[in-house]
Every structure is written in C-alpha cells, then in structure tokens.
Amino acid sequence: MQVVPKTRELQEFAEKERRAGRRIALVPTMGALHEGHLALVHEARRRADRVVVSLFVNPTQFGPGEDYAAYPRPLELDLEACRSAGVDVVFAPGVEELYPDGAQTFVEVERVSQPLCGATRPGHFRGVTTVVTKLLVAARPHAAVFGLKDFQQVAVVRRLVRDLGFDVEIVGVPTVRESDGLALSSRNVFLDERTRPQAPSLRRALLAAEAAVERGELRGETLLRLVADEIRAGAPLGSIDYAELRDPESLEPAPGVLGDPTLLALAVRFPVGRGEQRVRLIDNTVLRPPSAAAETPPEESP
Ligand code: PAF
C-alpha cells in the first residue's frame, strides 16, 4: 500500500492506472475509520481494480465552535485498517496541500445544500463540495463511494458531479449499525455512559415511522409527531435539531409520503462531558408508501 501526501503524485498514479485500462474507486474519509468506512472500501473493491482512500480532516467543513480540533486523528490505526482491507493507495495530504497559502476558491452547490444539516451548519456543504472536488481532481476515479448515513452529503455530491460534468459514478452504501441500531459514526466516541444508551433512539424513531407508513399512515405531520415522541421518550437528554420529510433527490420539503419514496432525516444533539459541548448524531431512512415498497429495495438512493 502506498501512502501519498501530494496531489501531483496521486494524479500520476491515476494517469498510469487509467492508461493501463484499470478502474479506480475513491473512498473519501476524514479518518477515524470504523466498520462503516470498511463497508465503503469493500464496495469500492467490488467496483474497481484500484482503491484509493483519502484521510483528511477537512477544516472548511467545520463551523466556528465545532469539533475540528477535537476530531479524532488516529493515523497509524487508520493506515493499518486500510492495509488490512486491501487498499492500494492512501491519500493523506496536509492542510496546506489542499488549501495552499492564500486559497480562495470554493465550490458551492446551492439549493440542495441549504436545508437539514445545511441549515444548522452554515457553510458545511461548501467545505464538503470544495474538498470533494479537490479529491476528484487528485484521484481521477471512475467511482467515488460514500455512506448513506450522510444522505444529504450524497445528494449534494451527486448534484456537484452532474453540474460540473465530472465523469465519475457516485455510489451510496447503506448505513452500518451497532447491534442496538446506532449508526456507526466517528463521533460516537464522544458519547458517554449517560448518552450512549439513549443514542439508538434515532433508529427506533425511524423504525416507528417506517412501521406507521406500512400501516398506511402517510401524513407528514403525524409521522413527524411520532418521531419526536419516540426521541423524547428514548432520549430525554437529546434535543432534536431537525426531523423532516424531503424529496430524496432535490431535498425539497415533502408534506407526507405521497406516492413516492420520501426521505425522513433526523439530527439530534446530545450533551457531552459536563454539558458545555454537544455531539450531534444524524440518521435517516427512505419511507416508501406500501405499493412502492414492494418494488424497490430500501436505502439504495440517492
Ligand atoms: O463524510 C466525510 O467523511 C466527509 O464529509 C468527506 C466526504 C470525506 C469530505 O471531507
């Protein structure tokens, strides 16, 4: 496995592989790798001859007061995990490599970036789309693989590649969960003995909404009330950032589950330590009205 810190080196690798007719898949990450990331690597392996994983904690996607400094950076463990998973190249640039002195170029996807996490984390997706653009330019992949836990991120990146004409397939991989339903996330390490047992409530709330839809309850207001009740009951320390129904592609608001698959997206904040700081967990499901559910497997979009 090669570890490459420079964009130019990665471009040379990509050019050579492409000339030899080999397919490249990129797995962009911020490190602190867990089973969820390894599922992305596994999917990348299935789709390509060469797998590139990027490890880069991207400063521009963190807002002031967010956890950029505290974000875990276990580089040696991440490299070991990549080696064991059969990764070919790890791209691990320094901040100055991707944001050279005086950098002032950003890539912004407008409407899809605005609701949900975009509303509570202004500037977050501008940072994501800027760095993903740089990673695509560096790795020149045929496919780039992302986790559907960050559903909005996948929708935003899809819009980005369509709008800028990148010749890359964006692949979304279903969320990997702990046995109690908690979605794997590098931020789960911030949960403590009080909040960790409450965190699976996000998943329980999503399952309650899925069950209600199966029973024929399709009204948005009722479904969102059910979700909020479930969170309040199971996670008294949590505060809901948002619980919303949206079109899975455009992310425009949806009044209910009206004949088409509908995204139910959820973000809940939990206090950490003595409560001055918060960890924010997200999760989602795509609700399908009973007739559509029979036709399409869950979690395959956007
Ligand atoms: O999902 C992430 O880990 C990050 O947002 C990404 C896509 C690697 C960009 O920094």
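We use all heavy atoms of the structure for the numbers below, so side chains are in, but hydrogens, waters and symmetry mates are not. In each ligand, atom 1 is the first atom listed, and ligand 1 is the first ligand listed. Nothing here was measured: the structure is a model prediction, and the numbers come from that model.
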Closest non-hydrogen atom pair, [X] against [Y]:
{"X": "Pro271", "Y": "Arg194", "value": "CG-NH2, 4.4 Å"}
{"X": "Ser186", "Y": "His37", "value": "OG-CE1, 3.6 Å"}
{"X": "Glu217", "Y": "Leu223", "value": "O-CD2, 3.6 Å"}

message = Taking Gly127's backbone N and O only, do any of them form a donor-acceptor pair with Asn58's side chain (distance below 3.5 Å, no angle check)?
response =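 Answer holds: yes.
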task = Report, in ascending order of atom number, the atoms of ligand 1 lying under 4.0 Å from any heavy atom of Pro28.
result = 8 (C)
message = Quick check on contacts: which atoms of ligand 1 are under 4.0 angstrom from a heavy atom of Val131?
response = 9 (C), 10 (O)
ask   = Looking only at non-hydrogen atoms, which of Gln61, His37, Met30 approaches atom 10 (O) of ligand 1 most closely?
value = Gln61
request  = Could you check which of Gln153, His124, Lys149 puts a non-hydrogen atom nearest to atom 1 (O) of ligand 1?
outcome  =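 It is Gln153 that holds the nearest heavy atom.
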request  = State whether the number of non-hydrogen atoms from other residues, nucleotides or ligands found under 6.0 Å of Glu35 atom CD is greater than 12.
outcome  =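 12 or below, so no.
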key: Per-residue contact class, Thr29 against ligand 1 - non-hydrogen pairs under 4.0 Å   = backbone
